[in-house]
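One structure is given below, represented as structure tokens, and several questions about it will come after.
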2 protein chains.
Amino acid sequence: MPRYLIRKLEQVALLSPEDRRLIEELAHRRTFRLAAGEELAAEGDRPAAPRLFLEGWACRSKSFADGRRQIVGLLLPGDFFDLNLDLLQAMDHSVAAVTPVLLAEIRRDALEGLAERRPALARALAWDTLVQASIQREWTLNVGRRTALERVAHLLCEIFRRLEAVGLTEGAACELPLNQTELADATGLSVVHVNRVLRRLRIAGLLRLRGRQMELPDLPALNRLALFSPGYLHLARPKPEASIR
Amino acid sequence: MPRYLIRKLEQVALLSPEDRRLIEELAHRRTFRLAAGEELAAEGDRPAAPRLFLEGWACRSKSFADGRRQIVGLLLPGDFFDLNLDLLQAMDHSVAAVTPVLLAEIRRDALEGLAERRPALARALAWDTLVQASIQREWTLNVGRRTALERVAHLLCEIFRRLEAVGLTEGAACELPLNQTELADATGLSVVHVNRVLRRLRIAGLLRLRGRQMELPDLPALNRLALFSPGYLHLARPKPEASIR
DNA sequence: CGCCTGCTTGAAGCGGTTCAATCGGGGTGG
DNA sequence: CCACCCCGATTGAACCGCTTCAAGCAGGCG
């Protein structure tokens, strides 16, 4: 079942059949479902065991008492929430399902000794953690220095590329289960303005929306507009020769 | 020498004398200095070995071709740059010294097997990584949803609290080697506006600047103004009883 | 001395917010 | 089957927080 995680990791690491089997075993023990809108964890909670997203979208968010809210990250199929987070005393953010979600609980002891037993797999998991951190930096840049148009476009580019990495795109189309309020909270904009920006993207022929699907008919142009350079996702597979050193 | 790191880790973990010795050994092998303004790494570079900041400040930043720049994080004494980052192919951001800096290079092999040999220390290092991620989320919130006044105030509160954790504050005062351009790039504002915000903070009696030192005469008021809740720094020491479970 | 870098202040402009109203579609209960 | 409702999308208009442009100023250094 954890095919999305496996696909993602295989973009950058050569996993042995044994590694793949281990991932599958890791994710099979206990799975559970959540409905759209349900919270996996709230700010202040004691963190639970790490989990793997098998299906569905969720988001991390932080809020103020006056209602201002920032979505600080998206959790897509194949993403972890959150390797090691249970070392902390309390959650510093909330996590809520955006769509119905299927999760696998990962027992901490299953990860122990992994570095010795399956070094390639352990490195792949460490890689994933680093990529999450890199994405978080890019989001800081996004809300800090991009214009509204660039911000929204960048978010769409990132979503598309991340879904592509796990095989969840079809041609130029993919899911977009976020409503405009959520897009606003993810980009630090107001709902009204997100709406206007989406209109501009539609008119420019860079975006088509049909229900919860989006299509990006001219991805190169959208990437340029968004100042999107995919390097921060670190998805390039290392050249085979690179392993000889 | 790595007393700042040790102080920070001891806020949250009980390190044995052996753990402390290991940290010291880790950081003694090769140290080197950089002048203010020098780059440790540039976007696109191949990441080098992990390093520990023994003295001085640095910042991580990302830039666009048109000159827009966002500082996405601060590296203070006792911080790592960057455990495991060398797993990636290329740097997704730059790191530059803000003040003269003293660094220790950490050899990757020194970290291997640490989880088995010194589990408490390994957990403390994992904790540090998680805290860095949490800070990055808070920065996303900061530039995304706080007003200019709140943003600058929040940055000052965070700096003070982080320096306090490593013993680098004196009463209500601490270093602030960032100039207004750097404060602007860290908060996603313009230099001009940062200047006006600092004036407001000064007039409100919440901030005094003398050269590269700052004083926060009314920290509770500043914390309130900034909507600063220090939980995201995860500095609370676990209660001794908590270890019995 | 004169220059350069960083700080400071004023004034005008604009990108994005806020307030307000309308619209449309899907679900629900009478 | 339809009336109603509710949530999300949409659009207009006024406003404002922050940026931009422009100038002056202070202090440190060659």
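In the text below, chain A, chain B and the rest are named by the order of the sequence lines, each starting its count at 1.
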(request) Please list, in 5' to 3' order, the outermost nucleotides of DNA chain D lying under 4.0 Å from any heavy atom of chain A. (result) D/dG8 to D/dA13
(message) Nearest whole Å is fine: how far is C/dT8 P from B/Leu183 CG?
(response) 11 Å
(request) Look only at the side chain of B/Arg145 and the backbone of A/Arg69, and say whether a donor-acceptor pair between them is shorter than 3.5 Å. (result)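 Answer holds: yes.
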(request) To the nearest Å, give me how far apart CZ (A/Arg212) and P (C/dG26) are. (result) 13 Å
(request) Could you pick out which residue, A/Gln180 or B/Val197, lies toward the 5' side of DNA chain D when each is mapped onto its nearest nucleotide? (result)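 Final value for this comparison: A/Gln180.
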(request) Could you tell me whether A/Glu215 and A/Arg210 make a salt bridge, using a distance below 4.0 angstrom between a side-chain N and a carboxylate O? (result) yes
(request) Run the salt-bridge test on B/Arg3 and B/Glu55 with the 4.0 Å N-O cut-off and return the result as yes or no. (result) yes
(message) At 4.0 Å (heavy atoms only), tell me whether A/Gly188 reaches a base, stays on the sugar-phosphate, or touches nothing.
(response)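 Sugar-phosphate, no base atom in range.
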(request) Write down the distance between CD (B/Glu182) and P (C/dT5), rounded to a whole number of angstrom. (result)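 Roughly 14 Å, once rounded to whole Å.
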(request) Assign A/Arg196 to base, sugar-phosphate, or nothing according to its heavy-atom contacts below 4.0 angstrom with the strands shown. (result) base
(request) Provide, to the nearest angstrom, the distance between the CZ atom belonging to B/Arg200 and the P atom belonging to C/dT8. (result) 16 Å
(message) Using a 4.0 Å heavy-atom cut-off, does A/Asn195 contact any base of the nucleic acid, only the sugar-phosphate backbone, or nothing at all?
(response)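 Since a base atom lies under 4.0 Å of A/Asn195, the category is base.
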(message) For a quick check under 3.5 Å, do B/Thr140 and A/Thr140 share a side-chain donor-acceptor pair by atom type?
(response)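 Indeed, the side chains of B/Thr140 and A/Thr140 share at least one donor-acceptor pair under 3.5 Å.
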(message) Do the side chains of B/Glu138 and A/Lys62 get close enough for a salt bridge, i.e. N-O under 4.0 angstrom?
(response)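 So B/Glu138 pairs with A/Lys62 through a salt bridge.
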(request) Scan residues 149-173 of chain A for pairs that pass ring-ring contact (aromatic ring centres under 6.0 Å, His included), counting only residues two or more places apart or in two chains. (result)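 Sorted pair list: A/His154-A/Phe228, A/His154-A/Tyr232.
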(message) Between A/Trp139 and A/Glu158, do the side chains contain a donor N or O and an acceptor N or O under 3.5 Å apart?
(response)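 Result is yes, a qualifying pair exists.
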(request) In whole angstrom, give the distance that lies between atom CZ of A/Arg210 and atom P of C/dG25. (result) 17 Å
(message) What is the distance, to the nearest angstrom, from the CG atom on B/Asn179 to the C1' atom on C/dC4?
(response)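 Rounded to whole Å, this separation is 14 Å.
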(request) Give the rounded distance in Å between these two atoms: CG of B/Leu198 and P of C/dT9. (result)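 Roughly 11 Å, once rounded to whole Å.
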(message) Any base atoms under 4.0 Å from A/Arg202, or only sugar-phosphate, or nothing? Heavy atoms, all strands.
(response) sugar-phosphate
